[in-house]
Amino acid sequence: MRKTPEPQLDRELKALPPDQRWYEWLRRIEAVLFASATPVSREALARVVGQGVSVELLIDDLSAELESRSFQVAHVKDGWFLRTRSAYASAIRDAQSAGHQVMDLNAFDVAVLAAIAYHQPITREGLKDIFGKDISRDLIGRLHDRGLIGNGPRAPRRGAPYTFVTTDQFLLAFDLETLQDLPDRERLEDAGLARG
Amino acid sequence: MYAPDRESLTDQNRIPFLPSWVTSARAEAPEYVSFLSGAALSHLHHAISLDEVPMNLVRDRLALRAAEVTVAFAGRHETAAELRDAVHFLEPGDLPGPAGEIYLSWQRAVRRPVQANALHKGLGSVSSQLIAQSLAPKGRAPVEHAVSVLEECVSDDSIPVVAALILADAALARSLGWARILPVFALGLTTADLRKRDQSLRLACHQALQVAIIEILRHISECTRGVRNLAAVVPKLRAKGAAGAVEVFLTQDAAAASALPLPDRAARRLCDRLTSLGVLRELSGRDSFRLYGV
């Protein structure tokens, strides 16, 4: 199944001299990343540049070009996306009207999310064991709505309850490449930031 | 000197055992280590080409073992039983979770042919260039080639350890002319080994092969014996469709009764019957959501 783009995208740009061709490919990568709200995979990027051209080299050049800008190319498991530099976080926050924050999670929501991240796949029952109280469906719903968690495999016990697992969106939101980048549990315990 | 397994495989086509000078040797000198791994590999090569060895089942079981080991590499604590649960109770559209994901990668890796495009779909973050390069031994000795692929992958932070090990196994399989991957390196290497480079990594890989192949040969003889016993009772089963259902257990490490091509009740009864005949095992230890395998 091939989509037929019209007019046909000229990938190879044979008519241009090599340096201009490279420049054009660079702009295309930039445009694709800018236009996308989610990370763009290597395969997707490779489709807008010449056959066999290294997407990594183009990304490297783009990163170098963006060095003086307020945003940068960030790499996640499945691809790349554009992200504002953390130095401008407070400026961005202040500019956004209160109550309009993207995540809008309270401290307990975040605690539950962290428990899911560390203990996934985990059921509501499992979360209840950790927090000593029922976790409301509302809270789980909020995490679902923001795309931070998804349904995992059913737990093999009475009623076959769903388990919860974190999503790629979760990694993105917390600036993690993989779950292994979560703060080490043992170190958190030693620092007195978490109990075992 | 008789290994305990030997008795039960005394019929005509038993799987030959590794000679004890391979299984009991602990070598440090590079020449001797590579000599032993070569002897073990050659033996394995012969064993997997025997007609009666149920290679699909063996590979499926090794995928689970490799997943068990590599899940621990990722700092997680899931047991083989939990990994089975994560995959067997997954429904379409559900996410497998981090441990389930690792198991699924191994399952995909052992089920697909050792070809660049088949591997590429399962190893999302690895460039097709590196995959193609891994599958082109260019006349190098099989283990040398696999080690150099492994070294390149583990030196690159963007490649997950599981993908690195799958690629090294793929490189080995390709240079030995195997049609599918057999997880070898995951079964013998430790996380400390994966931090080694050059000569010490090569040495660790040769030692890993020796350790892993001893284990793999054990799985091969267990699976072969299990399948032979199960196949032997099939003619006694009168339930309609029983042969088709048994086929599932001849190729898969585990399956729930509900996954068999039979009505629910008939499937459960068949599993109970096979378990009581001693040719099928219940693997979960639960009263419900049971999983069976040979």
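Residue numbering restarts at 1 for every chain, and letters A, B, ... go by the order of the sequence lines.
The two residues B:Asp94 and A:Gly152 have their closest heavy-atom pair at OD2-O, 3.4 Å. When all heavy atoms of B:Ala86 and A:Pro153 are compared, the pair lying nearest together is O-CB, 3.3 Å. In terms of heavy atoms, B:Phe289 sits closest to A:Pro156 at CD1-C, 3.4 Å. Scanning both residues, A:Pro121 and B:Glu78, for their nearest heavy atoms gives CD-OE2, 4.4 Å. Heavy atoms only, all atoms of each residue included: A:Thr166 and B:Leu95 are closest at O-CD1, 4.4 Å.
For A:Tyr162, the part lying near chain B is the side chain, with the backbone staying farther off; criterion is any non-hydrogen pair under 4.5 Å. With a 4.5 angstrom heavy-atom cutoff, B:Glu82 does not touch chain A via any of its atoms. Using a 4.5 Å cut-off between heavy atoms, A:Ala46 makes no contact with chain B at all. Contacts between A:Gln180 and chain B at a heavy-atom distance below 4.5 Å involve the side chain alone, from C-beta outward. With a 4.5 angstrom heavy-atom cutoff, B:Ser128 does not touch chain A via any of its atoms. For B:Val126, the part sitting under 4.5 Å from any heavy atom of chain A is the backbone (N, CA, C, O) and nothing else. Heavy atoms closer than 4.5 Å to chain A are found in the side chain of B:Arg76, but not in its backbone. For A:Glu43, the part lying under 4.5 angstrom from a heavy atom of chain B is the side chain only.
Between B:Pro98 and A:Gln120 there is a side-chain heavy-atom pair separated by less than 4.5 Å. Looking at heavy atoms from C-beta onward, B:His88 lies out of side-chain contact with A:Arg154 at the 4.5 angstrom threshold. Looking at heavy atoms from C-beta onward, B:Ser288 lies out of side-chain contact with A:Arg157 at the 4.5 angstrom threshold.
Surrounding CZ of A:Arg21 are more than 12 heavy atoms belonging to other residues, nucleotides or ligands, all under 6.0 Å away. Within a 6.0 Å sphere centred on CD of B:Gln129, heavy atoms belonging to other residues, nucleotides or ligands number 12 at most. The number of heavy atoms from other shown groups lying within 6.0 Å of OH (A:Tyr23) does not exceed 12. Around CZ of A:Phe131, the count of heavy atoms belonging to other residues, nucleotides or ligands within 6.0 Å exceeds 12.
Distance check: B:Glu101 CD to A:Leu179 CG gives 9.5 Å after rounding to the nearest 0.5 Å.
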